[in-house]
Amino acid sequence: MGSYVIRRVGAMILMLVAQSIAVFLLFAVLPSNPAALTCGKTCTPQVIKANEVRLGYDKPLYVQYGLFVKGIFVGREYGSGTAAFECPAPCLGYSFNRSENVTDLIKSRLPVTAVEAVGACILWLTGGTLVGILAALKRGRWPDRLSMGTALIGYSFPTFFIGLVIQYLVIFKLRIMAYPSYTPFADDPVAWAKAFILPCITLAVVYAAFYARLTRNQMLDTLGEDYIRTARAKGLSERAVIGRHALRAGLTPIMTAAGLDLAGLLGGVVITEQVFGLPGLGNLALNSVLASDLPVITAVVLVAGAFIILANLVVDLLYAVIDPRVRVG
């Protein structure tokens with residue numbers, strides 16, 4: 001088990017390095033001058049040149065990447081002389097558009113996205129898995145047809161459409177709740193929680209549809225195995241057969257999909273955050289694209305990719321726990 005963990009951690013580190021190089025080069029080769037994007041349309045050549053020096057864009061590309069990596073681990077300094085200023089570790093860059101460290105921007109937005117993603121994940125895993133199990137147990141009967149038909153409809157519509165429909169029904173038609181606006185937790189915990197209800201439900205509706213179909217297919221494959229018939233022949237209750245044997249055996253693809261989907265949402269839920277006005281990473285990324293704020297865009301892409309890579313590691317380690325055969329080879 002120890003060697004398996006070491007191999008997987010080593011592979012993760014290599015992927016993180018490769019990802020950082022790819023993202024850094026991708027934004028470095030853009031035809032636009034990053035320094036010219038820091039001072040608007042009134043930039044003069046002298047100001048652009050000064051900003052190139054302050055941001056380090058006057059140095060060779062490999063030096064720029066080295067400074068970027070150094071900033072992540074030990075911090076870095078921008079500019080020189082009296083105009084120099086520090087960016088403490090982990091430094092992901094500096095946004096001249098916002099006059100703020102990129103790391104601070106991400107730290108302030110990440111908790112919002114994390115609450116939204118984790119809340120939605122709990123809802124879609126619970127709802128989707130239960131519906132999928134019910135459909136598999138009632139295969140060919142009306143519960144199966146109804147749940148799978150509903151899941152297909154839910155999976156077919158885009159997130160923004162489902163979000164707008166939920167807003168209309170809950171807020172304007174049924175008037176169950178007023179339109180929630182994001183409030184920091186320290187100011188009003190109740191208002192803070194209300195702001196996440198509809199976004200979490202919106203994401204859960206979309207993802208639960210997929211997980212219901214995935215769980216149903218996995219359960220149907222597993223229920224036809226010989227060891228399931230053996231378990232029933234031994235007199236085990238149906239709950240024990242389903243819970244201890246069938247569902248556990250079908251967890252592998254569900255766990256894979258859940259880990260990657262959650263990691264993807266942690267990287268920013270752009271559409272949902274725009275629909276419901278949540279100040280998360282997705283909102284930050286979209287506004288940074290519109291403002292051509294390259295340091296922020298680069299950092300958000302790196303963070304989103306890192307979440308995917310870390311999720312792959314976690315899923316691989318969980319595989320080894322659920323199925324010891326994974327550790328071999």
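Given the structure is predicted, the values throughout are model-derived calculations rather than measurements.
Here the shortest heavy-atom pairing between Y227 and T222 reads OH-CG2, 3.2 Å. Of all non-hydrogen atoms in S147 and D144, the two that sit nearest each other are OG-O, 3.1 Å. Contact record, Q19 with V301: NE2-O, 3.6 Å, taken as the closest heavy-atom pair. The shortest non-hydrogen separation linking K59 to Q64 is O-NE2, 2.8 Å. Of all heavy-atom pairs between L262 and C121, the closest is CD1-CB, 4.1 Å. Summarising the geometry of S95 relative to V102, their closest heavy-atom pair is N-CG2, 3.9 Å, with the distance given to 0.1 Å.
The backbone N or O of G128 lies less than 3.5 Å from no partner atom in the side chain of Y207, so there is not a single donor-acceptor pair. Judged purely by atom type and a 3.5 angstrom limit, Q167 uses its side chain to pair as donor or acceptor with the backbone of V275. Remark: side-chain polar atoms of R145 are paired, donor with acceptor, to backbone N or O of G140 under 3.5 angstrom. Distance alone, capped at 3.5 Å, is enough to place a donor-acceptor pair between the S108 side chain and the L105 backbone. Distance alone, capped at 3.5 Å, places no donor-acceptor pair between the D316 side chain and the R8 backbone.
Looking at heavy atoms from C-beta onward, R232 lies in side-chain contact with L223 at the 4.5 angstrom threshold.
Atom OG1 of residue T113 and atom CG of residue L284 lie 8.5 Å apart, to the nearest 0.5 angstrom. R216 contributes atom CZ, which lies 14.0 Å from atom NZ of K138 (distance to the nearest 0.5 angstrom). A distance of 11.5 Å separates CG in L265 from CZ in F307, rounded to the nearest 0.5 Å. Separation of atoms OH (Y182) and CH2 (W192) is listed at 7.5 Å; rounding is to 0.5 Å. Note: T202 OG1 to L123 CG = 10.5 Å, rounded to the nearest 0.5 Å. Between the CG atom in L317 and the CG atom in N312 there is a gap of 11.0 Å [rounded to 0.5 Å].
Here F161 pairs with F157 under the ring pair (Phe, Tyr, Trp, His ring centres under 6.0 Å) rule; sequence neighbours left out. For D226, the side-chain contact (heavy atoms from CB on, under 4.5 Å) criterion is met by R229, not counting sequence neighbours. Remark: R213 engages no residue in a salt bridge (charged side-chain N to carboxylate O under 4.0 Å, His left out) (not counting sequence neighbours). Remark: F276 pairs with no residue by the ring pair (Phe, Tyr, Trp, His ring centres under 6.0 Å) rule, at least two apart or across chains.
The disulfide bond (SG atoms under 2.5 Å apart) contacts involving residues 88-120 comprise C87-C91, where partners must be two or more places apart or lie in separate chains. Identified under the salt bridge (charged side-chain N to carboxylate O under 4.0 Å, His left out) test for residues 90-104, with sequence neighbours left out: R98-D293.
Under the 4.5 Å side-chain contact rule for hydrophobic residues, L134 and L130 do not share a cluster. Following chains of ILVMFWY side-chain contacts shorter than 4.5 Å, one cannot reach V314 starting from L260, and the two form parts of different hydrophobic clusters.
Below 30°, between 30° and 60°, or above 60°: for F68 and F24 the angle between ring planes is between 30° and 60°, a tilted geometry.
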